[in-house]
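Accompanying notes for the structure given below.
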There are 2 protein chains.
Amino acid sequence: MELVQIYECLCDRTRLRLLNVLAPGPLCVCHFQEILREPQVKISKHLAYLRARGLVEVEREGNWMVYELPAKPSRELKTNLACLQDCARENPLFQRDLARLKKLAPKFAEASPGGCT
Amino acid sequence: MELVQIYECLCDRTRLRLLNVLAPGPLCVCHFQEILREPQVKISKHLAYLRARGLVEVEREGNWMVYELPAKPSRELKTNLACLQDCARENPLFQRDLARLKKLAPKFAEASPGGCT
DNA sequence: GAGCCATATTCCTTCGCAGGCATATAGAAG
DNA sequence: CTTCTATATGCCTGCGAAGGAATATGGCTC
């Protein structure tokens, strides 16, 4: 995995938001939709993009696809994800997403791991 | 300056190399050419790209244009440049560039600050 | 002034990606 | 098997950026 490829993944706002809300833990597509408030196609495509480059991993959970950050990220990826989190800390948009995530958390908890209704 | 814009600057190999060799100190275009061994147009254009987005600053020095990292980088930029340096530390290509820079350093020293012949 | 140097800019072509719409898939439920 | 739900994929359009060739600029030097 080339360093440039990591940056190519990071140079889109939607993807940054996806990775940001993914930091606390796994999520499925419908969560992303609800948190980012973006159309399903958009989210799905960007997740596919990230997946193809190893920035996220997927696992099917019945009807739901549960995405998460890689279990064993490369040193470069780990460094950059940490850097992103650092930057996100002072970013209103990213913070709003995280706030929404927190708000929805109890709702998710009722369901399966990373699960939906 | 949006965080995404920083990543847009970082998602090209040539620009990464430019920023990498710029970390130790200011350089002029002919140095970049000699270190990266890339055509002048290519280097000049990428420097213009970085300049337009505030990732580098320029100052004319007679016939030469001396580029350097911004004097007062934003928190986000500073964080990301540090991250880049961290990643570059284990990257053969980046290390080779730095090695070339070191080799040329005495030659530069004879001339003006960041200077050429 | 003329000519030279280092660097920037313009014009062109090619390419990949974002975004949207429509449609396909895969599994669950009846 | 049919239907529903969640998600993915194909096709299209538009845009922006990379790279190269040629040319322009701006400042020296004589």
Side-chain angles (χ1 to χ4, degrees), chain A residues 2 4-19 22 26-53 55-68 104 107-108 111-117, chain B residues 2 4-19 22 26-53 55-68 104 107-108 111-117:
Chain A
E2 280 264 11
V4 193
Q5 315 242 326
I6 294 180
Y7 286 125
E8 282 170 357
C9 287
L10 298 180
C11 72
D12 176 277
R13 182 177 286 106
T14 306
R15 289 196 290 267
L16 284 182
R17 294 176 72 193
L18 290 173
L19 292 170
L22 217 42
L27 289 174
C28 83
V29 180
C30 57
H31 297 150
F32 290 120
Q33 281 181 248
E34 207 162 342
I35 294 172
L36 304 202
R37 308 214 173 141
E38 297 277 3
Q40 180 257 325
V41 196
K42 191 168 173 180
I43 289 179
S44 208
K45 273 189 188 170
H46 281 297
L47 285 171
Y49 186 106
L50 292 173
R51 183 186 179 186
R53 286 151 183 86
L55 278 258
V56 299
E57 290 168 355
V58 209
E59 197 177 346
R60 181 174 281 277
E61 184 91 26
N63 251 335
W64 302 281
M65 301 295 276
V66 180
Y67 285 82
E68 59 185 335
L104 294 169
K107 212 164 129 201
F108 300 165
S112 40
C116 301
T117 316
Chain B
E2 280 264 11
V4 193
Q5 316 241 327
I6 295 181
Y7 286 126
E8 282 169 356
C9 287
L10 298 181
C11 72
D12 176 278
R13 181 177 285 104
T14 306
R15 289 197 289 268
L16 284 182
R17 294 175 73 192
L18 291 174
L19 292 171
L22 217 42
L27 289 174
C28 84
V29 180
C30 56
H31 298 149
F32 290 121
Q33 282 182 246
E34 207 162 341
I35 295 172
L36 304 203
R37 309 213 173 141
E38 296 277 3
Q40 181 257 325
V41 196
K42 191 169 173 178
I43 289 179
S44 207
K45 273 189 189 170
H46 282 297
L47 285 171
Y49 187 106
L50 291 172
R51 183 186 180 186
R53 287 153 184 85
L55 278 257
V56 299
E57 290 168 355
V58 208
E59 197 176 346
R60 181 175 282 277
E61 185 92 26
N63 252 334
W64 302 280
M65 300 295 277
V66 180
Y67 285 82
E68 59 185 336
L104 294 170
K107 211 163 127 202
F108 300 165
S112 41
C116 300
T117 317

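Source: prediction; values computed, not measured. The sequence lines fix the lettering, A, B, ..., with proteins before strands; numbering per chain opens at 1.
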Next on the checklist: Between B:Ser44 and C:dT7, is there a contact of a side-chain N or O with OP1 or OP2 at under 4.0 Å?
Outcome noted: no
Item to check | Check: A:Arg17 side chain, A:Leu36 main-chain N or O, donor-acceptor pair, under 3.5 Å | outcome: yes
Checklist entry - Side-chain N or O of A:Tyr67 less than 4.0 angstrom from OP1 or OP2 on D:dA8? => result yes
Item to check | Minimum-distance nucleotide to A:Asp12 side chain [options: D:dA21, C:dG19, C:dT7] | outcome: C:dG19
Checklist outcome for this item: Whichever of A:Asn63 and A:Arg53 has the more 5' nearest nucleotide on DNA chain C, that residue is A:Arg53
Checklist entry - Is any side-chain nitrogen or oxygen of A:His46 closer than 4.0 Å to OP1 or OP2 of C:dC17? => result no
Checklist entry - Given atom CG of A:Leu27 and atom P of D:dT7, what is their separation to the nearest angstrom? => result 11 Å
Checklist entry - Rounded to the nearest Å, what distance is computed from the NZ atom of residue B:Lys45 to the C1' atom of nucleotide D:dA22? => result 11 Å
Checklist entry - Which comes earlier along DNA chain C counting from the 5' end, the contact point of B:Met65 or that of A:Pro39, where each point is its nearest nucleotide? => result B:Met65
Next on the checklist: Determine whether a donor-acceptor pair (N or O, by modelled atom type, separation under 3.5 Å) exists between the side chain of A:Arg51 and the backbone of A:Val58.
Outcome noted: no
Checklist entry - Rounding to a whole Å, what distance do you find between B:Tyr7:OH and C:dC17:P? => result 19 Å
Item to check | From D:dA8, C:dG19, C:dA6, nucleotide with atom closest to A:Val29 side chain | outcome: D:dA8
Checklist outcome for this item: In this structure, SG of A:Cys11 is separated from CG of A:Leu16 (nearest 0.5 Å) by 8.5 Å
Checklist entry - Counting side-chain heavy atoms from CB outward, which of C:dA18, C:dG20, C:dG27 is closest to A:Val41? => result C:dG20
Item to check | Spacing between A:Tyr49 atom OH and C:dA18 atom C1', to the nearest angstrom | outcome: 10 Å
Item to check | Under 3.5 Å donor-acceptor, A:Arg15 side chain and A:Glu8 backbone | outcome: yes
Next on the checklist: Any donor-acceptor pair, under 3.5 Å, between the side chain of A:Gln40 and the base of D:dA6, if you only look at N and O atoms?
Outcome noted: no
Checklist entry - Separation of B:Ile43 atom CD1 from D:dG20 atom P, in whole Å? => result 11 Å
Next on the checklist: Output the rounded distance in Å from NZ (A:Lys42) to P (D:dT9).
Outcome noted: 19 Å
Next on the checklist: More than 12 heavy atoms of other residues, nucleotides or ligands under 6.0 Å from CD of A:Glu59: yes or no?
Outcome noted: no
Checklist entry - Which part of the nucleic acid, if any, lies within contact of B:Arg13, taking any heavy atom under 4.0 Å across all strands shown: a base, the sugar-phosphate backbone alone, or nothing? => result nothing
Checklist entry - How would you label the contact of A:Arg51 with the nucleic acid (heavy atoms, under 4.0 Å): base, sugar-phosphate, or nothing? => result nothing
Checklist entry - Is B:Arg60 near enough to C:dT7 that one of its side-chain N or O atoms lies under 4.0 angstrom from OP1 or OP2? => result no
